[in-house]
Structure formats: C-alpha cells, structure tokens
Amino acid sequence: MDFDEFTGEIQHRLELPGTGEAVRATRATLLPLGQRIPAENAADFAASLPMEIKWYMTGAVGDHGQRFDWTEFVDRVAEIEGVEPSDAAYHARVVVDLMHTVVPAADFQDLRGQLPESADEENWRELFSIVDAGGWGEAEEAQTGGGPQKSAEALQWDSQ
C-alpha cells in the first residue's frame, strides 16, 4: 500500500473532506504511538508502512519509550489533530485498524505487547477495539446494523 492509498483509505473510513485531514489524523495517531514504544519496536512496526507514514513513528519522534496511558495518548492525539478527544480516540482506532491490515501479524502482536491492555493498568485495549471487533467493515456493520444490501433483482430472484 502506498501513501496515496493509505491516506485515501483513512479519508474514506473517517469520512474526512480531504487528504490533509487524513494525513493529520494519521500523524496525530502515529507520533504519540511512536513516543510510547521503544525506538526499535517503532522501526519494526513501521517498516511495512509507506515511507511518508513510517516517518511519523520513527524520524519525527525525539523521545521513544515514554510511559503514558490510553487517556494521555488520546489527549496527545486530540491536541495534534485539533479535534475533540472523543473524535481523536475514534480516529486513532481507525488508523490502527488500517495498520492491522498492512503490518505483518507478528509486528502487530509486538505492538500490542508493548501496550498494557488490562483495565487496572494503562487500558490500551481501547486502541484495538475496532481490530478486536473484526475490523473496520465488521465494526461499522455492527454499529449500523447494516451490511451489503441485496439489489432489487436479487430480492426478486429470492421471491421466485
């Protein structure tokens, strides 16, 4: 997946008006994520991402391995992106879900291993809620109760 495909998919999933907003949401998610995990883990995780996207987790981060919880992460994303924390949390979940489809499974598991998921610790489980619900398409369908709809022709065929 190249930069344009990645940002286009983020723009589509988040229903953003332009590429600039998609890039901002991506940067706002990956910069604090890169700050939270060790440099070598950030480099491994980001290796499969487009070069321009990879930079947000690696080269743009001055201090890797910082300790902060999910709430602080959301606050950082919101500040960078310039959105409300609830929007920032959703945007981060969508970006991470897309990365789940791009990054090798072992690298994704390594990322999860760097972020405590139990509720009594830092509660990073929230970041992976869309992934855990089966991915963006499945989570979206569960939210709306929708899914692929049959065409009129298919409905007519069923009734015969």
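Positions are given from 1 along the sequence.
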Between the side chain of [X] and the main-chain N/O of [Y], is any donor-acceptor distance below 3.5 Å?
{"X": "R93", "Y": "E126", "result": "yes"}
{"X": "E5", "Y": "D2", "result": "yes"}
{"X": "N123", "Y": "W70", "result": "no"}

Verify same cluster id: [X], [Y] (apolar side-chain graph, 4.5 Å):
{"X": "V83", "Y": "V77", "value": "no"}
{"X": "V74", "Y": "I80", "value": "no"}
{"X": "L31", "Y": "L14", "value": "no"}
{"X": "L16", "Y": "V94", "value": "yes"}
{"X": "V131", "Y": "F6", "value": "yes"}

Separation of [Y] [atom2] from [X] [atom1] (nearest 0.5 Å):
{"X": "I37", "Y": "L33", "atom1": "CD1", "atom2": "CG", "result": "5.0 Å"}
{"X": "Q109", "Y": "Q114", "atom1": "CD", "atom2": "CD", "result": "12.0 Å"}
{"X": "I10", "Y": "H91", "atom1": "CD1", "atom2": "NE2", "result": "9.5 Å"}
{"X": "T26", "Y": "E81", "atom1": "OG1", "atom2": "CD", "result": "8.5 Å"}
{"X": "Q11", "Y": "D4", "atom1": "CD", "atom2": "CG", "result": "10.5 Å"}
{"X": "D97", "Y": "L127", "atom1": "CG", "atom2": "CG", "result": "10.5 Å"}

Inset, instruction - Taking side chain to side chain donor-acceptor pair (under 3.5 Å) as the test, write out the residues that go with Q66, two or more places apart. - result: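 Result, side chain to side chain donor-acceptor pair (under 3.5 Å) vs Q66: R76.
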
Note, [X] side chain near [Y] side chain (heavy atom, < 4.5 Å):
{"X": "F108", "Y": "V96", "answer": "yes"}
{"X": "R13", "Y": "L98", "answer": "yes"}
{"X": "T29", "Y": "Y56", "answer": "no"}
{"X": "W55", "Y": "L30", "answer": "no"}

Can you list, pair by pair, the side-chain donor-acceptor contacts under 3.5 Å of residues 39-52, counting residues two or more places apart and other chains?
none

Legend entry - Crowding at CD, E72 (>12 non-hydrogen neighbours, <6.0 Å):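 Result for CD/E72: enclosed.
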
Inset, instruction - Indicate the ring-plane relationship of W124 and F68, choosing parallel, tilted or perpendicular according to the 30° and 60° boundaries. - result: tilted

Inset, instruction - Tell me whether the guanidinium CZ or amine NZ of R36 lies under 6.0 angstrom from the six-membered ring centre of F73 and within 45° of its axis. - result: no

